[in-house]
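In what follows, a single structure is set out as C-alpha cells and then discussed.
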Amino acid sequence: MTNTGMNMRGKITFYEEKNFQGRSYECMNDCSDMSSSLSRSQSCRVESGCFMVYDRNNYMGNQYFMKRGEYSDYMSMMGMRDCIKSCRMIPMQHRGQFRMKIYEKENFGGQSHEMMEDCDNVMDRYRMNECQSCNVMDGHWLMYEQPQFRGKMMYMRPGEYRNFRDMGMSGQRFMSMRRITDSC
C-alpha cells in the first residue's frame with residue numbers, strides 16, 4: 001500500500017498501559033467493541049488519519065477527537081474518566097462544501113439555520129438557545145456543548161439526527177460547531 005493509501009485509511013494503536021506499555025491492539029477502521037482485544041486502554045498512538053474515540057461500546061458516550069500524534073496518558077490529558085471502548089475512523093480529505101442544518105428542538109423542530117462554516121456560538125450568531133437535532137448534508141463536523149469549541153463533543157457525519165439522546169448524549173445541548181478539515 002502506498003503512503004497516500006495509508007493516509008486515507010488511518011491507523012491507531014491502543015495500549016493497555018500508560019506510555020505505550022502492555023499489550024496492544026492495532027486498528028485501521030471502525031471498531032464498535034474493543035473489549036475482546038484489550039481489557040483496557042490507557043494510551044494510544046495515531047500513526048495516520050483522524051479518529052473519534054468513545055468511552056462506551058457501539059460509538060456511544062463521551063467522544064474525543066484524536067489526530068496524528070502520541071497520547072501517552074490520554075485519560076489525564078483529556079479528562080476522561082473511563083477507558084476507550086470503541087473508535088471510529090473519520091474519512092478525510094473531503095472535497096467540496098460543508099453543509100449542515102441545525103434545529104433548536106428535537107425532530108427538526110423550532111428555528112433552523114443552514115451552516116457552511118464553523119460557528120463558535122449559536123446563541124450569538126443565530127439567537128438559538130440550543131441545538132437539539134440536525135441534518136448533515138455534506139462533510140464531517142464536530143459539535144461542542146459550550147461556545148468557543150469547548151466541552152464535550154460529538155462527531156457528526158452525513159445523515160439525519162432527530163435527537164442526540166439516541167447517541168448516548170441525553171441532556172446534551174450543543175452551542176458551537178466546527179468542520180473537520182484536518183488532513184491529519
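Just so you know, residue 1 is the first one in the sequence shown, and it goes up from there.
By the 4.5 Å heavy-atom criterion applied to side chains, Tyr126 and Ile102 are counted as neighbours. With a 4.5 Å cut-off on side-chain heavy atoms, Met116 and Phe98 do not count as touching. Side chains of Met153 and Met52 form a contact here, defined as non-hydrogen atoms less than 4.5 Å apart. Residues Leu142 and Phe149 are not in side-chain contact: their nearest non-hydrogen atoms beyond the backbone lie 4.5 Å or more apart. Side-chain contact between Asn19 and Asp73 is absent, with no heavy atoms from C-beta onward closer than 4.5 Å. Between Met34 and Phe14, the closest side-chain pair of non-hydrogen atoms falls below 4.5 Å. Side-chain atoms of Ser37 and Arg23, non-hydrogen and from C-beta on, never get closer than 4.5 Å to each other. Residues Ser133 and Phe108 meet the side-chain proximity criterion, which asks for heavy atoms closer than 4.5 Å.
In this structure, Met177 is a member of the same hydrophobic cluster as Met156, with clusters built from ILVMFWY side-chain heavy atoms closer than 4.5 Å. Under the 4.5 Å side-chain contact rule for hydrophobic residues, Phe164 and Met137 do not share a cluster. Residue Tyr103 is not grouped with residue Met115 when hydrophobic side chains (ILVMFWY) are merged at heavy-atom distances under 4.5 angstrom, including chains of intermediate members.
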Might you work through the salt bridge (Lys or Arg N to Asp or Glu O under 4.0 Å) test for Glu70 and Arg45, ending with a clear yes or no? CA-CA 5 Å; Glu70 294 189 342; Arg45 189 176 277 132; 2.8 Å; yes
Would you sort out whether Phe65 and Gln63 count as a side-chain contact (heavy atoms from CB on, under 4.5 Å), showing the intermediate values? CA-CA 7 Å; Phe65 178 72; Gln63 306 178 20; over 6 Å; no
Stepwise side chain to side chain donor-acceptor pair (under 3.5 Å) check, Glu104 with Ser112: CA-CA 6 Å; Glu104 187 175 31; Ser112 66; over 6 Å; no
When you look at Cys131 and Met143, which way does the side-chain contact (heavy atoms from CB on, under 4.5 Å) test go after all the steps? CA-CA 10 Å; Cys131 170; Met143 298 177 72; 3.5 Å; yes
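Using a distance-only test at 3.5 Å, with no hydrogens or angles considered, no donor-acceptor pair links the side chain of Asn107 to the main chain of Gly109. Looking only at distances, a side-chain donor or acceptor of Ser86 sits under 3.5 Å from a matching main-chain atom of Arg56. For the pair Ser43 (side chain) and Phe20 (backbone), a donor-acceptor distance under 3.5 Å is present. One N or O on the side chain of Asp118 and one on the backbone of Arg179 form a donor-acceptor pair closer than 3.5 Å. Put simply, the side chain of Glu145 never gets that close to the backbone of Phe174: no donor and acceptor are under 3.5 Å apart. Without hydrogens or angle criteria, Arg127 side chain to Met123 main chain gives a donor-acceptor distance under 3.5 Å. Checking side-chain atoms of Ser176 against main-chain N and O of Gln146 turns up a donor-acceptor pair under 3.5 Å. No donor-acceptor distance shorter than 3.5 angstrom exists from the side chain of Tyr54 to the backbone of Ile84, with no hydrogens or angles considered. Side-chain N or O atoms of Asn62 include none that pairs as donor or acceptor with a backbone N or O of Asp55 at under 3.5 Å.
Not less than 6.0 angstrom separates the ring centroid of Tyr25 from the ring centroid of Tyr15.
For Asn29 against Phe51, the heavy-atom pair with the smallest separation is O-CE2, 4.4 Å. Taking all atoms of both residues into account, the shortest heavy-atom contact from Glu160 to Asn135 is CG-OD1, 3.6 Å.
Note: Lys85 NZ to Asn58 CG = 12.5 Å, rounded to the nearest 0.5 Å.
Between Glu47 and Arg68 no salt bridge is recorded (no basic side-chain N to carboxylate O distance below 4.0 Å). Remark: Glu106 does not engage Arg162 in a salt bridge, criterion side-chain N to carboxylate O under 4.0 Å. Taking a cutoff of 4.0 Å between a charged side-chain nitrogen and a carboxylate oxygen, Glu16 and Arg40 do not qualify as a salt bridge.
With a 6.0 Å cutoff to the six-membered ring centre and a 45° limit on the axis angle, Arg150 does not count as a cation-pi contact of Tyr144. Taking the centre and axis of the six-membered ring of Tyr155, the NZ or CZ atom of Arg88 falls outside the cone set by 45° and 6.0 Å.
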